[in-house]
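Some notes on the structure that comes next.
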2 protein chains.
Amino acid sequence: MTIREVAEDAGVSLQTVSRVINDGPNVRPQMREKVQASIDRLGYVPSLAAQRMSGSRSYIILAINDRERTIADWRERQGNDWVDQMLLGGMLTCAKHGYRMMVELVDTHIDHVERELGATISALQPDGVILTPPHSENRQITQLLELRNIPFARIGSKGEGAGIPLTMGDENAARFATERLIELGHRRIGFIAGPAQYSLSSWRVDGWRAAMRDAGLRCDGLLEAGDFSYSSGTHAGRALLDRNEDLSAIIGSNDQMTLAALAVAQDRGLRVPRDLSLISFDNTPIVRFSQPPLAAIDQPIAETVSVAVDRLIALKGQPHEDGTIDVAASLVERASLGPAPDPA
Amino acid sequence: MTIREVAEDAGVSLQTVSRVINDGPNVRPQMREKVQASIDRLGYVPSLAAQRMSGSRSYIILAINDRERTIADWRERQGNDWVDQMLLGGMLTCAKHGYRMMVELVDTHIDHVERELGATISALQPDGVILTPPHSENRQITQLLELRNIPFARIGSKGEGAGIPLTMGDENAARFATERLIELGHRRIGFIAGPAQYSLSSWRVDGWRAAMRDAGLRCDGLLEAGDFSYSSGTHAGRALLDRNEDLSAIIGSNDQMTLAALAVAQDRGLRVPRDLSLISFDNTPIVRFSQPPLAAIDQPIAETVSVAVDRLIALKGQPHEDGTIDVAASLVERASLGPAPDPA
DNA sequence: ATGAAAGCGCTAACAC
DNA sequence: GTGTTAGCGCTTTCAT
């Protein structure tokens, strides 16, 4: 089935068929209908490769994830569904526009980034690329894409520069979680930050700090940083509890670290939420199954990716001018969240 | 960067470069080296679209999943990592061969299957397709692929016919799980089967039946069927417990149903594993977090998909002759598994 | 062992 | 509004 056969069938030129396919101008409605009828009857679908070849779009959006972390997540089977949520938002929205989403894993820290990504770009020639942390702020990557003139979205990035910046309300989410704890009577609220190479780590800290400050509370000794791993959460949890006898709540910057903090607390005989409340970030599936289940800031990954795809396709290469797009996260309350213990 | 520039740079014809790229014959080692040097230096990577256009392979393997079920899993965020495991096995193995994996969701039960899948095939022109249950045994789909001459793998399917059949040791796994329970002293072992439209449902039943028979045990009243949903597991669990006072173990054909059976048992005051042992199928992430964690047959999805990709690429369109490929599943023992209660 | 020519299916640019 | 022409980057013949 090629465009030629459709043209013959409809008794028109290739070009007219092409115009119909691409919703081009200068086709009489009547003609359009006739051609469309042939297309439908013959079950014709244009070849992506041929469309790409003739200089038009490739109809492919490429989503890029951190290779090492993603593979580790898959192998460990901890239920992290980041990729699934990306696919949910990305594939469906791509499909809506007649695009396809492809997923690619790219190493961050090695020096081959350019070669690795460059090769993928050359092979696939995607119409748009979606970068996720920590790639979103990798200069090598953003520069490569800018240079090659590939529109891209940066999830978890706010900087000016090229590419569409999108965030998931990190600062507000942290602020809101903190405010909720304060509302429940908590005064000493510890915070386990993510690693510094993720900008969102510091945004979350900012939100927490702001809420504490607004409530007239001090943050001294209440901040620890981890690297998103369970073990770093154990370490941070211990440090916070060691240092603060009066600690009554902890906000962790992801689920693994917060689960670790939960384990530390329970090891020390603290009851959650009676003695200690916990709020996590991410809301991956497993937090519903801890004892008690963890309250968590839900990251709207699917929607963010969906918005990114929409923008990428709508922009068609024109630069994005509207500043950072923020898709708000929300707090899912669960049993790990309770009123502050009486100041006995 | 096109093949032309490489040819000029190396001072050879386009053809020679093409031969080097494709490991073709009739190139002197010396020439090959020279061209490869140019390729490396210029960072040339052939365009997938152009390769496809000129009649050769598309270097794309398409993995097809059930649309409704997959989207439901993603939305519900129950931690089902089937797609992730497919990607783990599929993407990495594709990459090893210079291929890409694309994921596509296809509706099973509607009559548009042919149009829907046909359109995808026409657009993408994949070099191979991987079918997962229940698509693996959908005649409309297999016939379409056969007709279009697209090599495909059928996961969870044994029939003769076109396509490479692959299974995950369903019968043996069920048999082994049953034998393990018998070894632990269990005599009355209930089985919750999956829905009939999945062949693997009956294979698993067969394995259980065979093990029971070999041990001289009867199966009467011990079989219930669900549809893989939690609620169907609740129903089946109740029926089994209602009917069999002496029931001491249940094997469920997937995690959701087995978790439901666990809840039913606990609702009735049964302690697991003291009063009732449970073994599940799938071993998705959440079974580690139930109380107690569920012993489960681990489905080697990643490896199975990896094998499928390998075969698909190796065969290059020649028919597969070696019969069903079986990738063995294994039992992961967890706290839901214990000795049978004393026949007090 | 290498090169030249033809064409894959489509769209852009131009003609009418 | 519609048709014609050229060419995208590559691999396939086929010549040499």
Side-chain angles (χ1 to χ4, degrees), chain A residues 1-36 38-39 42-60 98 119 121-127 148-149 316-317, chain B residues 1-36 38-39 42-60 98 119 121-127 148-149 316-317:
Chain A
M1 257 314 103
T2 75
I3 197 174
R4 181 187 225 115
E5 304 176 57
V6 176
E8 279 170 16
D9 183 86
V12 299
S13 72
L14 303 188
Q15 199 40 321
T16 303
V17 179
S18 175
R19 286 187 183 108
V20 172
I21 295 167
N22 298 296
D23 262 329
N26 299 337
V27 186
R28 275 186 315 199
Q30 175 192 351
M31 190 97 265
R32 188 179 295 278
E33 267 180 50
K34 191 168 79 176
V35 172
Q36 189 60 54
S38 288
I39 290 176
L42 299 174
Y44 165 76
V45 179
S47 150
L48 261 197
Q51 290 189 122
R52 171 63 206 123
M53 275 303 291
S54 59
S56 89
R57 291 163 291 177
S58 66
Y59 295 99
I60 286 175
I121 300 289
S122 300
L124 256 30
Q125 297 164 258
D127 291 336
R148 298 240 198 158
N149 238 325
K316 288 184 177 168
Chain B
M1 257 312 107
T2 75
I3 196 173
R4 182 188 224 113
E5 305 176 56
V6 176
E8 278 171 14
D9 182 86
V12 298
S13 73
L14 304 188
Q15 201 36 315
T16 303
V17 178
S18 175
R19 285 186 182 109
V20 172
I21 296 168
N22 298 295
D23 262 331
N26 298 336
V27 186
R28 275 184 315 197
Q30 175 192 350
M31 190 96 261
R32 188 178 296 277
E33 267 180 49
K34 191 168 79 178
V35 173
Q36 190 60 56
S38 290
I39 290 176
L42 299 174
Y44 165 75
V45 179
S47 150
L48 261 196
Q51 288 188 122
R52 171 64 205 121
M53 273 301 293
S54 57
S56 90
R57 288 162 293 176
S58 66
Y59 295 99
I60 286 175
I121 300 289
S122 299
L124 256 29
Q125 298 166 259
D127 291 335
R148 298 240 198 158
N149 238 327
K316 288 185 178 166

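Naming convention: chains lettered A, B, ... in sequence-line order (proteins, then strands); numbering from 1 in each chain. No experiment lies behind these values; they were computed from the predicted model shown.
First and last contacting nucleotides of DNA chain D toward chain B (any atom under 4.0 angstrom from a heavy atom, 5' to 3' order): D:dG9 to D:dT13.
A distance of 9.0 Å separates CD in A:Q36 from CD1 in A:I21, rounded to the nearest 0.5 Å. Rounding to the nearest 0.5 Å gives a distance of 10.0 Å between CE of A:M53 and OG of A:S47. Expressed to the nearest 0.5 Å, how far CZ of B:R19 lies from CG of B:L14 amounts to 11.0 Å. The line from OG1 of A:T16 to NZ of A:K34 is 9.5 Å long, rounded to the nearest 0.5 Å.
Ion pairing of B:R52 with B:D127 is absent here, as no side-chain N (NZ or NE/NH1/NH2) approaches a carboxylate O to less than 4.0 Å.
Between B:L48 and B:S58 there is no side-chain heavy-atom pair separated by less than 4.5 Å. The closest side-chain heavy-atom distance from B:S18 to B:I3 is below 4.5 Å.
Side-chain atoms of A:E5 come within 3.5 Å of backbone N or O of A:T2 as a donor-acceptor pair. Side chain of B:E33 to backbone of B:Q30: no donor-acceptor contact under 3.5 angstrom is found.
Distance A:M53 CE to C:dA12 C1': 14 Å, rounded to the nearest Å. Straight-line distance from the CD atom of A:E5 to the P atom of C:dG9: 8 Å, rounded to whole Å. In this entry the distance linking CE of B:M31 with P of C:dA1 reads 13 Å, nearest Å. The distance from atom CZ of A:R52 to atom P of C:dA12 is 11 Å, rounded to the nearest whole Å. As rounded to whole Å, 14 Å separates atom C1' of C:dG7 from atom CG of B:L14.
Contact annotation: B:S54 does not reach the phosphate of C:dC8 (side-chain N/O to OP1 or OP2, under 4.0 Å). OP1 or OP2 of C:dC10 lies within a sub-4.0 Å distance of a side-chain N or O belonging to A:Y44.
Out of C:dA12, C:dG3, C:dG9, the shortest distance to the side chain of A:S47 is found at C:dG9.
The end-to-end axis angle of the helix from C:dA1-D:dT16 to C:dC16-D:dG1, rounded to 10 degrees and based on five pairs per end, is 30°.
Counting non-hydrogen atoms under 4.0 angstrom, A:Q15 reaches a base of the nucleic acid.
Results of the side-chain contact (heavy atoms from CB on, under 4.5 Å) test with A:V35 over A:D9, A:V20, A:V27 single out A:V20 as the only residue that passes.
Within residues 18-28 of chain B, the residues that place at least one heavy atom under 4.0 Å from DNA chain C are, in residue-number order, B:R19, B:N26, B:V27, B:R28.
For A:R4, the CZ atom is loosely surrounded, since the number of other residues' heavy atoms within 6.0 Å does not exceed 12.
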